[in-house]
There are 2 protein chains.
Amino acid sequence: MSKQELEVIGQGADGCCDGLASAPLDDERVAQLAKVFKALGDPVRLRLLSMIASREGGEVCVCEMTPAFDLSQPTISHHLKLLRQAGLIDCERRGTWVYYWVLPGALDQLAAFLTMPQTAGATA
Amino acid sequence: MSKQELEVIGQGADGCCDGLASAPLDDERVAQLAKVFKALGDPVRLRLLSMIASREGGEVCVCEMTPAFDLSQPTISHHLKLLRQAGLIDCERRGTWVYYWVLPGALDQLAAFLTMPQTAGATA
DNA sequence: AGGTTGCATCAACGAACGTCAATACAAGCC
DNA sequence: GGCTTGTATTGACGTTCGTTGATGCAACCT
């Protein structure tokens with residue numbers, strides 16, 4: 001089950017850490033980044049991710065997340081799947097329950113991408 | 001025209017720089033952040049933002065961006081509007097042409113939000 | 001004034017998204 | 001085995017999104 005995420009953040013390929021302002025961005029990298037940002041662009045998924053990331057142990061059981069929302073269980077499962085396909089989280093079944101945790105590398109690369117290389121115009 | 005952006009990044013309110021893993025995130029902040037991430041979650045808007053951010057002068061005329069895409073002019077205008085409403089860019093009319101630039105504070109706050117406060121579980 | 005160019009807005013269409021009830025699958029318990 | 005609980009998948013629905021042609025507005029130029 002945990003083999004399904006798409007390795008969306010291009011960390012094995014060539015352009016590892018280009019940054020928003022470095023260049024006009026090639027199409028493939030744009031598509032990957034857009035997918036991750038789209039996964040973050042929903043309040044429910046953002047709360048889910050925050051709920052997982054803020055946990056001390058780093059892992060949260062689905063049985064704890066589902067009742068925290070006013071949504072059905074399939075809906076929560078669907079949002080978790082999208083976060084996983086974006087490469088932001090991963091999961092593992094442990095007996096009856098399934099636990100999710102954050103893949104910190106994905107978040108760090110996103111943060112690095114968004115960080116402007118100092119004041120624009122200084123290099124002119 | 002440039003008064004229309006929504007000041008989406010909550011920099012004037014209380015919780016300025018909480019971070020993903022600090023707490024379960026209150027609803028209002030989640031909605032604001034989701035809106036910004038959703039604005040970034042489209043390949044066209046990501047390319048537009050990169051095109052603006054990578055410019056030395058920091059400003060790009062719409063007349064330069066529109067022909068760079070295989071899309072109609074209203075579509076580009078629409079995407080620029082969404083980026084502006086998300087608080088990521090701003091614009092100004094100068095004679096016949098309209099110039100766009102990046103609001104770096106928005107990107108920096110997003111990056112800070114995504115940066116994990118070191119290894120989860122260390123604070124336990 | 002009239003004409004032209006650059007950009008935004010409007011109205012409408014198909015596609016993608018978020019949600020749910022129903023169902024299926026996995027694991028434990030009797 | 002059958003029953004119960006936890007989670008994922010399916011199929012369907014209404015809503016939102018991305019795109020377009022048509023139109024409107026602003027600024028320049030004769």
Side-chain angles (χ1 to χ4, degrees), chain A residues 1-6 27 30-31 33-49 51-52 59-86 88-101, chain B residues 1-6 27 30-31 33-49 51-52 59-86 88-101:
Chain A
M1 170 191 286
S2 60
K3 275 287 171 47
Q4 195 174 336
E5 70 272 10
L6 296 182
D27 287 11
V30 158
L33 286 164
K35 177 159 191 167
V36 182
F37 282 126
K38 190 184 297 185
L40 293 172
D42 181 272
V44 175
R45 291 194 289 271
L46 221 43
R47 282 184 57 196
L48 282 170
L49 192 65
M51 196 175 298
I52 302 173
E59 294 179 347
V60 183
C61 177
V62 175
C63 62
E64 289 184 78
M65 293 188 270
T66 302
F69 294 83
D70 233 15
L71 296 169
S72 69
Q73 175 267 321
T75 298
I76 301 299
S77 188
H78 172 241
H79 285 303
L80 288 171
K81 182 180 184 179
L82 290 187
L83 286 172
R84 195 154 47 83
Q85 290 180 332
L88 292 167
I89 61 177
D90 200 358
C91 67
E92 183 187 11
R93 172 160 227 132
R94 233 169 273 158
T96 310
W97 298 278
V98 176
Y99 292 86
Y100 281 80
W101 60 86
Chain B
M1 170 192 287
S2 61
K3 275 286 171 52
Q4 195 174 333
E5 70 273 9
L6 297 182
D27 286 12
V30 159
L33 286 164
K35 178 158 190 165
V36 182
F37 281 126
K38 190 184 298 184
L40 292 173
D42 181 273
V44 175
R45 291 193 289 270
L46 221 43
R47 282 184 57 196
L48 282 170
L49 191 66
M51 195 174 299
I52 303 173
E59 293 178 349
V60 182
C61 177
V62 176
C63 61
E64 289 185 77
M65 294 188 270
T66 302
F69 293 82
D70 233 16
L71 296 170
S72 70
Q73 174 266 320
T75 299
I76 301 299
S77 188
H78 172 240
H79 285 303
L80 288 171
K81 182 180 183 178
L82 289 187
L83 286 172
R84 194 155 47 83
Q85 289 180 331
L88 293 167
I89 61 176
D90 201 359
C91 68
E92 183 187 12
R93 171 160 226 132
R94 232 169 272 157
T96 310
W97 298 278
V98 176
Y99 291 85
Y100 280 80
W101 60 86

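It should be emphasised that the depicted structure is a prediction, and the values quoted were computed from it without experimental measurement. Residue numbers start from 1 in every chain, and the chains themselves are labelled A, B, ... in the order their sequence lines are given, proteins ahead of strands.
For the pair B:Gln85 and B:Leu82, the minimum side-chain heavy-atom distance is below 4.5 Å. B:Tyr100 places none of its side-chain heavy atoms less than 4.5 Å from the side chain of B:Glu59.
Within 4.0 Å of B:Leu80, counting heavy atoms only, lies no atom of the nucleic acid at all. Note on A:His78: a base of the nucleic acid sits closer than 4.0 angstrom, heavy atoms only. Contact annotation for A:Arg94: no contact, since no heavy-atom pair falls under 4.0 Å across all strands. Counting non-hydrogen atoms under 4.0 angstrom, B:Ile76 reaches nothing in the nucleic acid.
The main-chain N or O of B:Ala34 is never found under 3.5 Å from a side-chain atom of A:Arg45 such that the two would form a donor-acceptor pair. Side chain of B:Arg93 to main chain of B:Val98: no donor-acceptor pair is present (N/O by atom type, distance under 3.5 Å, no hydrogens or angles).
The NZ-P distance, from A:Lys38 to C:dA16, rounds to 9 Å in whole Å. D:dT7 atom C1' lies 8 Å from atom OH of A:Tyr100, rounded to whole Å.
Between A:Val44 and B:Pro74, it is B:Pro74 whose nearest contact on DNA chain C lies nearer the 5' terminus. Of the two residues contacting DNA chain D, namely B:Asp70 and A:Trp97, the nearest-nucleotide position lying further toward the 5' end is that of A:Trp97. Two residues, A:Thr75 and A:Gly95, neighbour DNA chain C, and the one matched to the more 5' nucleotide by heavy-atom proximity is A:Thr75.
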